[in-house]
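A short worksheet on the structure shown next.
In this text, all values refer to a predicted model and were calculated from it rather than measured experimentally. The figures that follow rest on heavy atoms only: side chains count, while hydrogens, waters and symmetry mates do not.
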Amino acid sequence: MILLWPWTSTDAMLETFLPTALQAEGLLAVFAAGLVMVMLGRLILGSHALPEIALIAGWGAVSLVLTLWGASTQETMRIPAAALVGVAAVGGFVPRGRLAEPDLIALGRLLLIAVPLIAVFAAAFPSGPDTFTNQLPNTAYLYDYGEFPGANRPPMLALWPAFPYNLQLAAFLPALLVPAFPPNILTHVNLLLQLAFALLLARSMRGPQALSAAAPSWAAIGGAVLLTTFLNPGFDPKVQFSGYGDPTIAVAVAFAAWQAERLLAALAGDRAVSEERLGLVLVLLAGAAIKQVSIFLMGSVVLGAFLLGAFDRRIGPARAFSSLSIAFLPAVLLVGVWRFYVATHFGPGDELRFLPMDQWSLANLPAILSNTAFRIWQRLPFFVLLYGVSLSAIPVVLRRGLTPAARLFLLMLGVTLLYTAFLIFTYVAHFPGEIGASAHSFFRYNTHLGLLATLAIVVFARESWIRRGAPELGRGWSAVAVAAIVLAVAVPVASAGWTRSDRRQPQPRIWDLAAWTAPYLNDNSRIALMLPGDNRSVALMLRVAIAISPPYHTLADFTDTPRDDLATLQKARQDGSDFALISCVSKELAVSPQGQALKLHAGQPALLAADGEDWKMIATEPFLAATAPETWTTELSPGPFCR
């Protein structure tokens with residue numbers, strides 16, 4: 001039980017769960033921005049668009065407008081962002097964009113059931129190494145300057161500033177609504193998008209009625225929230241409830257497959273396809289530029305949908321190609337515009353690239369396949385879901401024909417085959433040496449397909465029930481419905497010690513150190529981080545944490561070293577550093593003549609400021625941080641902290 005709820009005092013609980021004013025404002029701003037995107041999506045798609053589809057469509061429209069603006073001019077993106085908010089505000093007063101009563105009921109039920117989940121993460125800090133290499137610092141850059149970074153623009157904090165920006169653009173709108181940059185904004189955007197998928201999943205439980213006016217039941221929404229998170233075999237709180245792009249991609253893939261299936265159904269039924277195709281256009285725009293792999297996944301969905309349409313006698317290759325190519329072309333153009341911007345504004349080291357062919361690790365292929373199999377074994381329940389849906393596609397089609405569930409199963413099969421081949425290729429052609437041979441993050445990358453598999457299973461279960469004549473489910477089903485609501489409300493709170501991975505040490509110590517340091521700094525200060533024993537994992541997180549901690553500064557000039565000796569201090573001053581932050585002063589430095597002159601104390605942090613050709617102490621204190629839960633994450637080095 002202590003692992004699920006390790007907070008044993010009121011102070012510890014308040015520190016963990018009570019958001020600061022800025023965190024609370026950021027959370028509210030994310031949901032306000034979500035409403036803006038819903039209004040935009042409804043204005044474009046029409047009053048019949050579901051709110052969750054409209055949200056993703058509005059996100060696609062925002063991504064298109066802001067990317068085109070940011071890639072073509074240095075004028076602040078706050079201008080088009082404000083215009084989009086204004087358009088959305090108008091949409092709330094016209095019939096085309098106004099939310100109807102069933103929409104408000106559905107959203108109200110979703111938010112009420114999700115209140116405990118939202119509350120658990122209201123005060124969550126950013127976590128996970130990948131958050132600090134590009135996602136979070138790139139979001140902060142947009143907030144600081146209102147433009148994309150570039151070689152001829154203000155200095156960049158991210159390791160890979162040339163990554164695609166659709167996730168950051170989704171966070172740009174809410175960041176404009178708050179007085180300072182909310183550190184946890186990406187976590188809340190990811191939570192919002194997953195709740196949108198949960199609402200779509202709840203509608204899918206109602207089969208053909210999913211597009212009707214009625215709102216999903218409380219039980220359907222509770223079950224859908226659980227299937228999206230805690231009951232999903234691919235659920236990992238370190239990924240789903242972080243600032244990573246992976247949960248965003250999973251949502252985008254599922255929505256793209258859903259909308260592609262709707263388009264195919266309209267084509268097969270000889271119905272008007274313009275609204276369904278426009279919905280797919282906007283969903284693909286949203287999903288195409290989250291990470292570098294996003295366009296491949298969106299393309300895989302489109303290719304799978306084309307093959308389905310081409311072999312469907314009611315559609316044929318010509319109609320399938322014309323509709324799907326029209327739907328995919330804007331996403332291709334969006335990525336093309338971004339690639340042109342990258343080619344003209346960044347250097348080779350500003351993004352991840354494939355290795356030259358002579359460095360491809362073809363000799364590692366046996367090890368890659370072996371370790372891939374091992375990763376599958378480690379996460380067997382998830383891969384049973386993934387491959388089970390994929391391998392069942394052909395039998396389902398043979399027994400049922402091209403029903404909605406069968407089309408989703410076939411899309412799952414096609415995307416899984418293409419994506420698995422692509423991942424194996426990247427381990428050969430992109431990841432060097434041991435990192436590629438170990439099938440790095442194979443599970444995490446495959447979570448991109450997890451929500452699509454869940455959606456396919458739910459639609460299949462609904463179809464199966466209908467095919468059996470929709471029999472009464474009996475009194476036991478009422479208990480299941482009640483349990484779905486109770487568990488959706490209770491589980492997020494009961495499991496907070498597990499899901500709040502941001503509280504695992506040394507992450508709280510890093511944030512405490514950043515909060516202690518930030519008030520002494522100035523805009524554009526040059527800071528030397530001296531982190532004894534670090535492998536750069538702490539350095540990458542700490543510099544971002546310092547840059548976004550109140551009082552907020554525009555900071556991008558950091559150096560880091562795993563030592564705190566006199567030679568390193570001297571070199572930092574010669575290199576022009578304005579400040580030197582030592583995470584934990586070693587005994588050797590503390591007892592040295594210079595350490596004694598600076599009044600350094602072993603086992604404590606120290607912040608030094610430049611004083612002519614030397615340093616002066618400006619702050620030191622015993623370093624204490626929240627210790628619950630007590631376990632330390634293996635993703636960050638414990639070396640820089642005195643344990």
> Could you walk me through whether Ile185 and His188 pass the side chain to side chain contact (heavy atoms under 4.5 Å, CB included) check?
Replying inline: CA-CA 5 Å; Ile185 193 165; His188 293 151; 5.7 Å; no
> CG of Leu173 to CG of Leu66: how many Å apart, nearest 0.5 Å?
Replying inline: 6.5 Å
>> Does anything in residues 120-145 form a salt bridge (Lys or Arg N to Asp or Glu O under 4.0 Å)? List the pairs, not counting sequence neighbours.
In response: Asp130-Arg444
> Ala545 and Ser549: which non-hydrogen atoms are nearest, and at how many Å?
Replying inline: O-OG, 2.5 Å
> More than 12 non-hydrogen atoms from neighbouring residues, nucleotides or ligands closer than 6.0 Å to CZ on Phe340, yes or no?
Replying inline: no
> Which is it for Thr447 and Asp246 under the side chain to side chain donor-acceptor pair (under 3.5 Å) test, yes or no, and what are the steps along the way?
Replying inline: CA-CA 7 Å; Thr447 61; Asp246 303 283; 5.2 Å; no
>> With heavy-atom distances below 4.5 Å as the criterion, would you say the side chains of Ile56 and Met37 are in contact?
In response: no
> Between Glu351 and Arg353, is there a salt bridge with N-O shorter than 4.0 Å?
Replying inline: yes
> Would you find a donor on one side and an acceptor on the other, under 3.5 Å apart, between the side chain of Trp360 and the backbone of Leu355?
Replying inline: yes
> What do the steps show when you test Asp103 against Arg98 for salt bridge (Lys or Arg N to Asp or Glu O under 4.0 Å), and what is the final call?
Replying inline: CA-CA 10 Å; Asp103 300 324; Arg98 189 182 307 130; over 6 Å; no
>> Looking only at the aromatic ring of each residue, does the gap between the centers of Phe328 and Phe321 stay below 6.0 angstrom?
In response: no
>> Please report the interatomic distance CG(Leu176) to OH(Tyr143), rounded to the nearest 0.5 Å.
In response: 8.0 Å
>> Evaluate Asn138 against Phe148 for side chain to side chain contact (heavy atoms under 4.5 Å, CB included), listing each step before the verdict.
In response: CA-CA 8 Å; Asn138 285 344; Phe148 291 128; over 6 Å; no
>> Just so I know, are the side chains of Ser274 and Glu276 near enough to count as touching, which here means a heavy-atom distance under 4.5 Å?
In response: no
> Just by distance, do the side chain of His448 and the backbone of Tyr445 share a donor-acceptor pair under 3.5 Å?
Replying inline: yes
>> Under the rule for side chain to side chain donor-acceptor pair (under 3.5 Å), what residues qualify as partners of Thr416, not counting sequence neighbours?
In response: Ser390
>> For Tyr341, is there any backbone N or O sitting under 3.5 Å from a side-chain donor or acceptor partner on His345?
In response: yes
> Between Gln194 and Gln240, is there a donor-acceptor pair closer than 3.5 Å when you use the side chain of the first and the backbone of the second?
Replying inline: yes
>> Please find the pair of heavy atoms, one from Trp69 and one from Thr76, that lie closest to each other, and give the distance.
In response: NE1-O, 3.3 Å
> Atom CD of Gln259 and atom CG of Leu280: how far apart are they, to the nearest 0.5 Å?
Replying inline: 6.0 Å
>> Using only atom types and a distance under 3.5 Å, with no angle test, would you say the side chain of Asn232 pairs donor to acceptor with the backbone of Thr454?
In response: no
Donor-acceptor contacts, no H, no angles, side chain residues 294-307, under 3.5 Å, sequence neighbours left out:
unit_1, atom_1, unit_2, atom_2, d
Ser294, OG, Ile290, N, 3.3
Ser294, OG, Lys291, N, 2.8
Ser294, OG, Lys291, O, 3.0
Ser300, OG, Phe296, O, 2.8

>> Quick check: closest heavy atoms across Ala71 and Val337, and the distance to 0.1 Å?
In response: CB-CG1, 3.8 Å
> Does any N or O in the side chain of Arg42 come within less than 3.5 Å of the main-chain N or O of Ala54, such that one atom is a donor and the other an acceptor?
Replying inline: no
>> With heavy-atom distances below 4.5 Å as the criterion, would you say the side chains of Leu35 and Leu55 are in contact?
In response: no
>> If the threshold is 4.0 Å, N to carboxylate O, is there a salt bridge linking Asp560 and Arg543?
In response: no
>> Using 30° and 60° as the class boundaries, would you call the ring planes of Phe197 and Phe255 parallel, tilted or perpendicular?
In response: perpendicular
> Atom CG in Asn184, atom CZ in Phe121: separation rounded to 0.5 Å?
Replying inline: 11.5 Å
>> Donor-acceptor check, side chain of Arg96 to backbone of Leu43, threshold 3.5 angstrom: yes or no?
In response: yes
> Would a 4.5 Å heavy-atom cut-off, applied to side chains only, mark Met412 and Leu408 as touching?
Replying inline: no
> Looking at Ala289 and Pro164, what are the two nearest heavy atoms and their distance?
Replying inline: O-CB, 3.1 Å
>> Contact between Val253 and Leu451 at the side-chain level, heavy atoms closer than 4.5 Å - yes or no?
In response: no
> Is the backbone of Tyr244 close enough, under 3.5 Å, to the side chain of Asn190 for a donor and an acceptor to pair up by distance?
Replying inline: yes
> Yes or no on side chain to side chain contact (heavy atoms under 4.5 Å, CB included) for Leu142 and Tyr165, after CA distance, side-chain angles and deciding distance?
Replying inline: CA-CA 10 Å; Leu142 293 181; Tyr165 273 73; 3.9 Å; yes
>> When you compare the side chain of Arg153 with that of Gln74, does any pair of heavy atoms fall below 4.5 Å?
In response: yes
>> Go through it in stages, so that I can follow the logic: the residues are Leu191 and Thr187, the test is side chain to side chain contact (heavy atoms under 4.5 Å, CB included), and I'd like the CA-CA distance, side-chain angles, deciding distance and then a yes or no.
In response: CA-CA 6 Å; Leu191 181 57; Thr187 300; 5.7 Å; no
> Roughly how far apart are Ser204 OG and Leu227 CG, rounded to 0.5 Å?
Replying inline: 11.0 Å
> Mind checking whether Leu352 and Trp160 have side chains closer than 4.5 Å, heavy atoms only?
Replying inline: yes
> Say you draw a straight line from CZ of Arg339 to OG1 of Thr344; how long is it, rounded to the nearest 0.5 Å?
Replying inline: 10.5 Å
>> When you measure from the side chain of Ser322 to the backbone of Arg319, do you find a donor-acceptor pair of N or O atoms at a distance under 3.5 Å?
In response: yes
>> I need the minimum non-hydrogen distance between Gln23 and Ala122, along with the two atoms involved.
In response: CB-O, 3.8 Å
>> For Phe235 and Phe241: C-alpha separation, side-chain torsions, deciding distance, then whether ring-ring contact (aromatic ring centres under 6.0 Å, His included) applies.
In response: CA-CA 10 Å; Phe235 175 65; Phe241 299 139; 5.5 Å; yes
> Is there a donor-acceptor pair under 3.5 Å between the side chain of Arg407 and the backbone N or O of Trp258?
Replying inline: no
> Would you say the side chain of Phe422 lies within less than 4.5 Å of the side chain of Thr426, judging by non-hydrogen atoms?
Replying inline: yes
> How close do Leu334 and Ser63 get, heavy atom to heavy atom, and via which atoms?
Replying inline: CD1-O, 4.2 Å
